[in-house]
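Following: one structure in structure tokens, then a few remarks.
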Amino acid sequence: MNPVLRTEALELHHATARGALRAVDGITLEIAKGETLGLVGESGCGKSTLARCIVGIQNPTGGTLSIEGVHPGTSRATRLERARNVQMIFQDPWGALNPRLSVERIITEPLQVAGIGTRAERRAAALAIAQKVGLSPYHLERLPHELSGGQRQRVSIARALVLNPNLLVCDEAVSALDVSVQAQVLNLLLDLQKELGLSYLFISHDLAVVRYIANRIAVMYLGRIVEIGPAEDVWIHRLHPYTQALINAIPDEAARQDDAPILEGDVPSPVNPPSGCPFRTRCPIARTECAESRPELRRVGTHEVACHFADAG
Amino acid sequence: MRGALSLLGRLARHPSGLIGMVLILAIVAMSALAGILYPDGPWTMAGPPRLWPGADPRFPLGTDTFGRDLIPALFYGARVSLLVGVSAAGAALVIGTVVGAIAGYWGGWVDDALMRLTDAFQTVPNFLLSIAIVGIIGASLPVITFAIAIVAWPMIARLVRADVLRLRTYDFVQSCKIIGMSDLRIVFQQILPNCLAPIIVTASVLVANSIIVEASLAFLGLGDPNVMSWGTVLNIGRQELRNGWYLTAVPAVALVLTVMSLNLIGDALNDVLNPRLKERK
């Protein structure tokens, strides 16, 4: 079966005065139908930029992107076409809804822009989708500021789902919510996935959340994927020193491995990344080879890792 | 429509908003009734010249150097002041909003070009530019309105641009792009309604400002010679300042009250439209 999303060597370089800023630097990945790919990494590693390329807010400068086997262009018609396949949920539930529009208007807007249905049909669609995401009919009359954070996020989800997309990009979709509300929204996403056969690209800096919801995990560093594989495998047999450090940074004793490194310093500048392995400047096991050649993703056991010295042992 | 009515209602419950609205309604009534109460127009010589206010019960506010009654002059002057004030402010608002929204949303060289143009207008002293335009093209109401609007729009443009710059990064705008909404619709339907509050507040100040500029031009003798404006009376009074200061004082009081009422409304709008102060019913 064709994957819902496939990227190959996807690149987004911004031209800056000091040279190219490599926000996304050669990402190759696939998401199958009904699958959730969790994408983790520190802020500034290019997660959100990748998401913006996939939904079409930004145009990649290199590589290929295909959604349902189609390479989306940039014209208005292909934007509308892409909108029916990919939608996005944002982090900040307060900024993601136009404060002056009613919830019904917010949910029906994608249909209206796509020219689908009459007013009454769109209203019926809004009612149906609102029910699916756990909103009551009276919520449709409300303005966003009359809703709680969790309810707003449900409105965002309803708006994203009203066009029946196959892929939902969730950019830190639960990070701004209270922990109890987080769990509700995560479970809603899981239920909707089961019911509608959705695929998710679930972006988060919160590894515990990603482990809970994702089938596979991809770890991103400085615009590249450094480790990717089945979720539990990556969690338990983490091979890349960066993955080890990330998981070790979770304040939870059970997850910690005593010999794992603690991350120090900041992500290097993507304008002038380190030679060889981009992680070597913060890596505890870096050797001279790491500065000379860049490790490519290679298969180790059940997953793939980009490190010269990571092995199944 | 319902929103505009509820805005008026909230304005009426605000103390300075109420005073401002009563005053401005009185001035609107004056200009509406001018033709009915004084069908002869403001130019007729009705009595002896240089009559002080109160000297003759037929002319409670006195007469000017040509024996023209000052009350019709005030009534007809209100017409000109409001007409020029509202239309100049309206034109400035439209130009400024469009320029600011385009510059803020599209950014890049479009923004650079439009903002340099705005800078160019702002570096020239406003009133001098207005005088120059009226002086060169000629004094008629459309030219005066144009001369006022052309110097007022840069302020609106900067205001709108700043707000659009802030709003365009919001996720709801990104979401509209994702669903394939056209840029024009995003700017005018999604973003602009969200920066309406500062625009409305500035508009009331802009009307007041335009009225002052019009009166100043007329005071300098650059008013439309075919219409009686408060500035026209001021211009006549200037020559009589030593022995007939009431000729200056009467239209000046009318101007002060009008401008003050608009500023009061502006203040009230600022409070009423501020969402942090807004009480929900």
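Source: prediction; values computed, not measured. So you know, we letter chains A, B, ... as the sequences are listed, proteins then strands, and number each from 1.
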Please classify the contact between [X] and chain B as side chain, backbone, both or neither, with a heavy-atom cut-off of under 4.5 Å.
X	answer
A/Ile106	neither
A/Ile57	side chain
A/Glu81	neither

**Asked** Within a radius of less than 6.0 Å around CD of A/Gln112, do more than 12 heavy atoms belonging to other residues, nucleotides or ligands occur?
**Response** yes

**Request:** Would you mind reporting whether A/Leu10 and A/Cys53 have side-chain heavy atoms less than 4.5 Å apart?
**Result:** yes

**Message:** Quick one about A/Asn98 and B/Gln190 (side-chain donor to acceptor, distance below 3.5 Å, no hydrogens or angles considered), yes or no?
**Reply:** yes

**Prompt:** Between A/Met88, A/Gln87, A/Arg159, which shows the greatest number of heavy-atom pairs under 4.5 Å with chain B?
**Reply:** A/Arg159

**Prompt:** B/Thr169 versus chain A, heavy atoms under 4.5 Å apart: side chain, backbone, both or neither?
**Reply:** neither

**Asked** A/His205 pairs by side-chain hydrogen bond (donor to acceptor under 3.5 Å, both in side chains) with which of A/Glu172, A/Glu42, A/Lys47?
**Response** A/Glu172

**Fill in**
Interatomic distance, CZ@A/Arg84 vs CG@A/Asn164, rounded to 0.5 Å, equals 9.0 Å

